[in-house]
Visitor: 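Please see the structure below; I have some questions.
The analysis underlying the following values was restricted to heavy atoms, covering all of them including side chains, and did not include hydrogens, waters or symmetry mates.
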Amino acid sequence: MSSGFISSTRGWLAGALVLLAGLAQAATQSGVVEDAGVRLRWQYAPQFGDAGEGLGRLTFELADRASGTPLRYQPGQLAAWLQRQRPTLSEGELSCTDRVKSLVSTGVGRRADVDLNTYRILSLNADRTVAFINPFVGLNNAKLESIVALPGAPRAWVHAPARAELWVLLDGVPGRLVAIDTYRRQIARTIELPAGGEGATLAMDEDAARLWVALPGTGRIAVLDMAARHPAWRGADAPGVRALQAVTTPDGPVVLSTHADGRLTRWSAAEAGAPGPLRSWSLPHPAQRLAYSALARRLVAHDEQALLSIDPEGTEVRRLALGYPVADLAIVDEGRYALALGGDRLSMVDLASGTVQARSATLPGARQLALTGRFVYAVGGDESAAHLWALADLRAGRVQPAQVLLGSAGVPAAADAGLRRAIVAPGGAGLLVANAADRLIYQYTEGMMAPVGSYANYKRVPLAIGLLDLGPREVAPGRYEVPVRYEAGGPHHLIVSGAGPRFVGCDRVALAPTSGQAQREAVPELKARLVEDRPLAGARRRIVVAMSEQAPRGAGQPLGRVPDLTLLMFDKRSGWQQRAHLRELGDAAGRYAAEVAVPQGAGYEMFVGSVSRDLPYVRGRVAGGPEARP
């Protein structure tokens, strides 16, 4: 048997073993952890939309260990991290509690490899951009992380967190949909709307991975499969269609269309067939702002004049006139009450009895409601001020509004109800308000009379803001999901912590290697070693550095012919620094020298950098340091 054949066989076998290891790590994994009377069941499933992209999804099920009752945590009370497992003794000795303490304490050196508790603020702007703002960067209010230019004027947007995609509907002829990859911060796909897409509205069924559009210009409904490699529109006639809305129910999202003649239609879409109507209701006027009451098991909407209660499985429609035009509504207490705003009035309606529980005057021109855990807000039409009421007061029939300032007046809110410039802040204890007059995003915290801080929008006029929530979200009682995106696979520690009831849980999960991981790990590591640091005449010193490249699992080799190698000397006590070009010596491979004037008493450190070899100073620390000097 030839040596070439043996070598080829060995190479094939090594490649096969690597592939099998990757496939083993790519399989769905699960585990059970118990602590302080809490049982945590977890499951990790990779997402194969783009092989090797490091996408997955973690699912947690939390229950009382004794009774099996699901445990529900308020926003911000459940945290999770993935920490890459490193072969160090100190890491192996850490308890689960110590791991949590280390991760929640401040300091860059203690950050997790994958932090599953962060969020970003999104701003959809009139200059056809989407801005990603990182509120965790401590640089005053200059926190712009990235910006995406849109090829058209935005009309609406929807977020698919499980797919890490932000879909934006654009005006134009033809109209277009663009999908923004929220991890790469770039447009991943552009899809033209069907003919007659002017004035289209957008809705999403994330469970089925489908996008729906209403096309008023042609009287049609169309649906798109977001998961398809080459998605195509499937359409159906919908005469007089005005808009589409997706309503979340315990049985999943429900897609509904409103029509000029007052009809309300529920739609479905088969796996490969055209969308079709399931049920219709005849209403006196077109419905607006649809919601769902879980307690009453009824759809709730308004028709700009009255509140509507609709039986989703039958034909019954109840209409409650409030005596003023309605602009917005919200559901509280799992559907026990509906809040209706409009005509400078706010009403809380008991949906069980159909009676008004409380009624209050509010800001002139207020057209938007925002609902937190304890308060309801009526936001002014230009986002300059808001009225708020305690929900406990309204339930008791007490009307005690308080007014808070949110920014400057001057620019009215967008007419499209789907583009909102005031949203609930993360944690649910305040608001984030994009003020168009100030071109700032203000953060308001409950209990204050004015915003507590702001984020710059870089002089852009905001059309809407949203949250890119990268933390665990509740999808059912006691069940939470969180998307995962990582740069390097391998064995990781899974760390979960909850507050109220308090527990910590740790386990191990193997993440599949990413497509670029093998290439990155195969790149030789450049190393710099101090050979000589001796004094010359005056205050000058001669520095000689040996450069080498260390291949993974290989021996180091001298590194020569680096024409732009630069030495950085830095005294962190005085702030003195000096850069000098290192020239290669001819008598020894991989050795470079420079002469530098150094102030007396300077206690300097040395770094080398090279643009041509992609070596930044932060990775080019010269080994040996001051202690190697004669």
Visitor: Could you tell me the separation between the CG atom of L388 and the CD atom of E446, rounded to the nearest 0.5 Å?
Guide: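 Here the interatomic distance stands at 7.5 Å.
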Visitor: In Å, rounded to the nearest 0.5 Å, how long is the span from CG of L264 to NE2 of H259?
Guide: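 If we round to the nearest 0.5 Å, L264:CG and H259:NE2 are 7.5 Å apart.
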Visitor: Taking G430's backbone N and O only, do any of them form a donor-acceptor pair with T445's side chain (distance below 3.5 Å, no angle check)?
Guide: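 No, T445 side chain to G430 backbone: no donor-acceptor pair under 3.5 Å.
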Visitor: Looking at CZ of R336 and CD of E334, how far apart are the two atoms once the value is rounded to the nearest 0.5 Å?
Guide: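 That separation rounds to 12.0 Å.
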Visitor: How far does CD1 of I465 sit from CG of L124, to the nearest 0.5 angstrom?
Guide: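 Taking CD1 in I465 and CG in L124, the distance rounds to 11.0 Å.
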Visitor: Where do L467 and L432 come nearest, in terms of heavy atoms and distance?
Guide: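 Smallest heavy-atom distance, with atoms named: CD2-CD1, 3.9 Å.
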Visitor: Measure from the side-chain N and O atoms of Y458 to the backbone N and O of L144, and report whether any donor-acceptor pair falls under 3.5 Å.
Guide: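 Yes, Y458 side chain to L144 backbone: donor-acceptor pair under 3.5 Å.
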Visitor: Check whether any side-chain N or O of R185 sits under 3.5 Å from a backbone N or O of T182 as a donor-acceptor pair, and report yes or no.
Guide: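 Such a contact is found between R185 side chain and T182 backbone.
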Visitor: Measuring from T315:OG1 to I310:CD1, what's the distance to the nearest 0.5 Å?
Guide: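 If we round to the nearest 0.5 Å, T315:OG1 and I310:CD1 are 11.5 Å apart.
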Visitor: Any donor and acceptor pair, going by atom type alone, linking the side chain of N134 with main-chain N or O of E145 inside 3.5 Å?
Guide: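 Not a single qualifying donor-acceptor pair exists.
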Visitor: Does the side chain of L468 come within less than 4.5 Å of H159's, by heavy atoms?
Guide: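 Yes; the side chains approach each other to less than 4.5 Å.
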Visitor: I'd like to know if E316 and R298 make a salt bridge, using a cut-off of under 4.0 Å between side-chain N and carboxylate O.
Guide: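 Salt bridge: yes.
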Visitor: Look up atom CG in L193 and atom CG in L211, then write down how far apart they are to the nearest 0.5 Å.
Guide: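 The CG atom of L193 sits 10.5 Å away from the CG atom of L211.
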Visitor: So do the side chains of Y119 and L470 get within less than 4.5 Å of each other, counting heavy atoms only?
Guide: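 When only atoms from C-beta onward are counted, L470 and Y119 do not touch, as no gap falls below 4.5 Å.
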Visitor: Around R279, counting heavy atoms of other residues, nucleotides and ligands shown, do more than 12 lie under 6.0 Å from its CZ?
Guide: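 Correct, the count exceeds 12.
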Visitor: Just checking, is any N or O donor in the side chain of D251 or T249 under 3.5 Å from an acceptor N or O on the other one?
Guide: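 No donor-acceptor contact under 3.5 Å links the two side chains.
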Visitor: How about V376 and V332: do any of their side-chain heavy atoms sit closer than 4.5 Å?
Guide: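 The answer is no, as the side chains (C-beta and beyond) never meet within the 4.5 Å cut-off.
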Visitor: Any side-chain heavy atom of D311 within less than 4.5 Å of one from E313?
Guide: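 In contact.
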Visitor: Taking side chain as C-beta onward, heavy atoms only, is S123 less than 4.5 Å from V130?
Guide: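 Not in contact.
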Visitor: If we only count heavy atoms from C-beta on, is the L394 to L339 side-chain gap below 4.5 Å?
Guide: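 In contact.
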Visitor: Is any side-chain heavy atom of L322 closer than 4.5 Å to one of H302?
Guide: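 No. Closest side-chain heavy atoms not under 4.5 Å.
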Visitor: When you measure from the side chain of D205 to the backbone N and O of A246, does any donor-acceptor pair fall under 3.5 Å?
Guide: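 Pair absent, no side-chain N/O of D205 close to backbone of A246.
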Visitor: Can you tell me if D344 uses its side chain to pair, donor with acceptor, with the backbone of G365 under 3.5 Å?
Guide: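 Yes, because the side chain of D344 sits within donor-acceptor range (under 3.5 Å) of the backbone of G365.
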Visitor: For L244, is there any backbone N or O sitting under 3.5 Å from a side-chain donor or acceptor partner on T201?
Guide: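 Indeed, once roles are kept as given, a pair shorter than 3.5 Å links the two residues.
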Visitor: Is it true that a side-chain atom of W281 and a backbone atom of G314 form a donor plus acceptor pair closer than 3.5 Å?
Guide: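 Side chain of W281 to backbone of G314, a donor-acceptor pair under 3.5 Å: yes, one is there.
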Visitor: Under 3.5 Å, is there a donor-acceptor pair between the side chain of N125 and the main chain of D127?
Guide: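 Such a contact is absent between N125 side chain and D127 backbone.
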Visitor: With a 4.5 Å limit on heavy-atom distance, are the side chains of R439 and V461 in contact?
Guide: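 With C-beta onward as the side chain, the pair touches.
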Visitor: Do you know which two heavy atoms are closest between P275 and W212, and how far apart they sit?
Guide: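 Distance-wise, the nearest heavy atoms are CB-CZ3, 3.6 Å.
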Visitor: Any idea which heavy atoms bring E383 and V433 closest together, and the distance?
Guide: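 Closest approach of E383 to V433, heavy atoms only: CB-CG1, 3.6 Å.
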Visitor: Y183 vs L55, test: side chain to side chain contact (heavy atoms under 4.5 Å, CB included). Steps then yes/no.
Guide: CA-CA 10 Å; Y183 285 103; L55 283 171; 4.0 Å; yes
Visitor: Looking at every heavy atom in both A200 and L215, which two are closest together, and how far apart are they?
Guide: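 What the structure gives for the nearest pair is CB-CD2, 4.0 Å.
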Visitor: Between A338 and L307, what is the shortest heavy-atom contact and its length?
Guide: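 Taking A338 first and L307 second, the nearest heavy atoms are CB-CD2, 4.0 Å.
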Visitor: Ignoring hydrogens and angles, tell me if any N or O in the side chain of W233 forms a donor-acceptor pair with the backbone of E192 under 3.5 Å.
Guide: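 It does hold such a pair.
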Visitor: Taking the inter-plane angle between the rings of H387 and W389 on a 0 to 90° scale, is it parallel (under 30°), tilted (30 to 60°) or perpendicular (over 60°)?
Guide: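 H387 vs W389 ring planes: perpendicular.
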Visitor: Testing the 3.5 Å rule here: is there a donor-acceptor pair between the side chains of S280 and R263?
Guide: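 Not at all, the side chains of S280 and R263 share no donor-acceptor pair under 3.5 Å.
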Visitor: Apply side chain to side chain contact (heavy atoms under 4.5 Å, CB included) to R479 and T59, showing your working.
Guide: CA-CA 7 Å; R479 181 182 175 89; T59 303; 3.5 Å; yes
Visitor: Pairing donors with acceptors under 3.5 angstrom, does anything connect the side chains of Y324 and S347?
Guide: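 There is such a pair (donor and acceptor under 3.5 Å, judged by atom type) between the side chains of Y324 and S347.
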Visitor: Between A370 and L431, what is the shortest heavy-atom contact and its length?
Guide: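 In terms of heavy atoms, the two residues are closest at CB-CD2, 3.7 Å.
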Visitor: Among I121, I147, V148, which residue satisfies the side-chain contact (heavy atoms from CB on, under 4.5 Å) criterion with F132?
Guide: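 Of I121, I147, V148, side-chain contact (heavy atoms from CB on, under 4.5 Å) with F132 is met by V148 alone.
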